[in-house]
Amino acid sequence: GENVEQHPSTLSVQEGDSAVIKCTYSDSASNYFPWYKQELGKGPQLIIDIRSNVGEKKDQRIAVTLNKTAKHFSLHITETQPEDSAVYFCAAIPLGTYKYIFGTGTRLKVLA
Amino acid sequence: EAGVVQSPRYKIIEKKQPVAFWCNPISGHNTLYWYLQNLGQGPELLIRYENEEAVDDSQLPKDRFSAERLKGVDSTLKIQPAELGDSAVYLCASSPQGVGELFFGEGSRLTVL
């Protein structure tokens, strides 16, 4: 069945450094790729998303890149801050479905 | 604008007892989802509603889980009887029509003893 692999499971960076989280999906029909941030005790919150007709999208310190040929997409956070510390989830949604397939999450720690 | 509201936030019960979770989605959102989130894992879909119709319940363990969305607004998720393995966070999410952003509630954390 559909599957999304996410790496790494944990990531520690120094404040001000960049963080990169990678996801690989199995269903080539996937065409929508959101990223969610989940803080402790809260529900996931969308931070950025990309659709398959573009290769890159940027929003201030956050960017997402998509390689449809290789079936992988990545989240890039630049100039990390302590408030970026959270668990990040990627997801892939096949065309014509509402099946959000989530990755297993990456716990990001930004060290001050 | 109020977000997705879930209650209770926390529930501790003994196995074989029943439990119910309630969700109030964002006003105007036709699509409502219930997700299960185990510790250290991503959310997994239990059921999706379009208005009052359950259009995808293929992942809902129907022997013990049930859900309803009366009048296409609020929804309840019930477990009866609960098992130890049901301990998890139950997330409700809503979205406008079409594939896009999911708006999640804060979740209901269930502990089954």
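Quick caveat: nothing in here was measured; it's all calculated off a predicted structure. Order of the sequence lines fixes the chain letters, A, B, ..., with proteins taken first and strands second; residue numbering starts at 1 for each chain.
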Which region of A:Gln6, side chain (C-beta onward) or backbone (N, CA, C, O), has a non-hydrogen atom less than 4.5 Å from a non-hydrogen atom of chain B, or is it both or neither?
-> neither

Output for pair (A:Ile101 CD1, B:Glu44 CD), nearest 0.5 Å, gives 9.5 Å

Are the side chain of A:Tyr100 and the backbone of B:Leu102 linked by a donor-acceptor contact shorter than 3.5 Å?
-> no

So what's closer than 4.5 Å to chain B heavy atoms on A:Tyr98: side chain, backbone, both or neither?
-> both

Which atom names give the shortest non-hydrogen contact between B:Val99 and A:Thr97, and what distance separates them?
-> CG2-O, 3.3 Å

Is the shortest heavy-atom distance from the side chain of B:Ser58 to the side chain of A:Lys99 under 4.5 Å?
-> yes

Part of A:Pro34 within contact of chain B (heavy atom distance under 4.5 Å) | neither

Neighbour count >12 (heavy atoms, 6.0 Å) for atom NZ, A:Lys68 | yes

State the CZ-CD distance between A:Phe89 and B:Gln41, to the nearest 0.5 angstrom.
-> 8.0 Å

Neighbour count above 12 (heavy atom, 6.0 Å) for A:Glu83 CD = yes

Quick one: do B:Leu45 and A:Tyr32 end up in the same hydrophobic cluster if we chain Ile, Leu, Val, Met, Phe, Trp and Tyr together by side-chain heavy atoms under 4.5 Å apart?
-> yes

Answer with side chain, backbone, both or neither: which region of A:Ser9 has an atom nearer than 4.5 Å to a non-hydrogen atom of chain B?
-> neither

With the 4.5 Å side-chain cut-off for hydrophobic clustering, are A:Phe102 and A:Leu46 part of the same group?
-> yes

Indicate every side-chain donor-acceptor pair of residues 104-113 of chain B with a distance under 3.5 Å to a residue at least two apart or in another chain.
| residue | atom | partner | partner atom | Å |
| --- | --- | --- | --- | --- |
| B:Glu106 | OE1 | B:Arg9 | NH1 | 2.9 |
| B:Ser108 | OG | B:Pro8 | O | 2.6 |

Is chain B contacted by the side chain of A:Arg51, its backbone, both, or neither, given a heavy-atom distance below 4.5 Å?
-> side chain

Would you say B:Leu84 has more than 12 foreign heavy atoms packed within less than 6.0 Å of its CG?
-> yes

Shared hydrophobic cluster, B:Trp22 / B:Leu91 (ILVMFWY, side-chain heavy atoms < 4.5 Å) = no

Which answer fits B:Glu50, side chain, backbone, both or neither, if we ask what part of it has an atom under 4.5 Å from a heavy atom of chain A?
-> side chain

Most contacts with chain B, counted as non-hydrogen pairs under 4.5 angstrom, among A:Gly41, A:Pro44, A:Gly43 = A:Pro44

Verify the neighbour count for atom CD of A:Glu79: are there more than 12 heavy atoms of other residues, nucleotides or ligands below 6.0 Å?
-> no

